[in-house]
Amino acid sequence: YLRLVKETADARTELDQSIKDLNIPELYIYDQRYTVLWLIAEMSLREQGYFVSNDLKQETNLSDKSVERFINFLVKKGYYISKTGKDKRIKLYYPTKNLHKHIMTTWSVRIRQNQAFKDFGLDNFNEIQDFLKNSKEYPFPDNKDKF
């Protein structure tokens with residue numbers, strides 16, 4: 001199980017050249033909180049065609065300022081354009097015509113993560129999930145009671 005978790009994390013750290021060419025700051029790639037923001041933005045696009053900053057601010061413990069900085073980066077890189085909604089105080093962020101190409105560039109990471117889950121297998125996944133839910137003791141190596 002620990003190898004599975006490591007493999008899925010490694011999928012994000014070994015970025016191929018096409019992902020590097022996107023020129024995204026490492027913080028936005030390696031910090032899990034920003035990964036969540038990327039995904040929330042994509043899910044919002046699928047559900048409503050745009051996202052607003054509050055969609056993202058409610059999903060992590062990042063400061064509002066950090067989330068706004070991230071959104072400004074996305075706009076500056078040309079992933080999204082901002083428009084004013086009915087309420088002039090709220091900006092709506094719509095995808096640019098090439099956003100899908102940028103998202104597809106990251107699919108190599110998703111493929112590696114999914115392959116790791118597939119290789120681990122459903123039976124092993126169910127077994128470890130049951131163990132984590134029900135175990136009252138830490139599984140030290142060699143049936144010992146400490147490292």
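Position 1 is the first residue of the sequence; numbering continues from there.
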Single-linkage hydrophobic cluster, 4.5 Å side-chain cutoff, Tyr50 and Val75 together: no

Residue Lys91 excluded, over 12 heavy atoms near NZ under 6.0 Å: no

Whether over 12 other heavy atoms sit under 6.0 Å from Arg110 CZ: yes

Ion pair Glu59/Arg33, N-O distance below 4.0 Å: no

Under 3.5 Å: donor-acceptor pair, side chain of Ser66, backbone of Leu62: no

From Leu4 atom CG to Asn124 atom CG, the distance as rounded to the nearest 0.5 Å: 9.5 Å

Among Leu37, Asp64, Val36, side-chain contact (heavy atoms from CB on, under 4.5 Å) partner for Leu56: Leu37

Sequence-distant partners of Arg112, salt bridge (charged side-chain N to carboxylate O under 4.0 Å, His left out), two or more places apart: Glu7, Glu14

Pairs touching residues 107-133 that satisfy ring pair (Phe, Tyr, Trp, His ring centres under 6.0 Å), sequence neighbours left out: none

Derivation and outcome, side chain to side chain donor-acceptor pair (under 3.5 Å), residues Gln115 and Asp119: CA-CA 6 Å; Gln115 187 64 49; Asp119 292 347; 2.7 Å; yes

Backbone of Lys144 reached by a side-chain donor or acceptor of Asp142 within 3.5 Å: no

Row check, Tyr94 ring normal vs Lys83 NZ/CZ: under 6.0 Å, within 45°: yes

Ring centre gap for Phe70 and Trp38 strictly below 6.0 Å: yes

Trace of the ring pair (Phe, Tyr, Trp, His ring centres under 6.0 Å) decision for Phe73 with Tyr34: CA-CA 12 Å; Phe73 165 79; Tyr34 289 102; 9.6 Å; no

Side chain Asp55, main chain Phe51, donor-acceptor under 3.5 Å: no

Where Thr96 and Ile81 come nearest, the two heavy atoms and their spacing: CG2-CG2, 3.8 Å

hydrophobic_cluster_shared for Leu92 and Leu45, side chain cutoff 4.5 Å: no

Donor-acceptor under 3.5 Å (Asn72 side chain, Glu68 main chain): yes

Minimum side-chain heavy-atom gap Leu132-Ile128 below 4.5 Å: yes

Nearest non-hydrogen partners of Ser53 and Ile71, listed with the distance: CB-CD1, 3.5 Å

Inter-residue atom distance Leu74.CG - Ser82.OG, 0.5 Å rounding: 11.5 Å

Joint hydrophobic cluster, Val52 plus Tyr80, side-chain heavy atoms closer than 4.5 Å: no

Flag side-chain contact, heavy atom, 4.5 Å: Val109 against Gln113: yes

Cluster overlap Ile103 with Ile40, hydrophobic side-chain contacts below 4.5 Å: yes

Those residues that, when tested against Asn98, pass side chain to side chain contact (heavy atoms under 4.5 Å, CB included) (two or more places apart): Lys101, His102

Closest non-hydrogen atom pair, Gly49 against Pro95: O-CD, 3.6 Å

Neighbour count >12 (heavy atoms, 6.0 Å) for atom CD, Glu127: no

From Thr84 atom OG1 to Asp87 atom CG, the distance as rounded to the nearest 0.5 Å: 9.5 Å

From Gln129 atom CD to Leu122 atom CG, the distance as rounded to the nearest 0.5 Å: 9.5 Å

Heavy atoms from other residues, nucleotides or ligands near NZ of Lys6 exceed 12 (cutoff 6.0 Å): no

Transitive ILVMFWY side-chain link Tyr93 to Leu39, under 4.5 Å: no

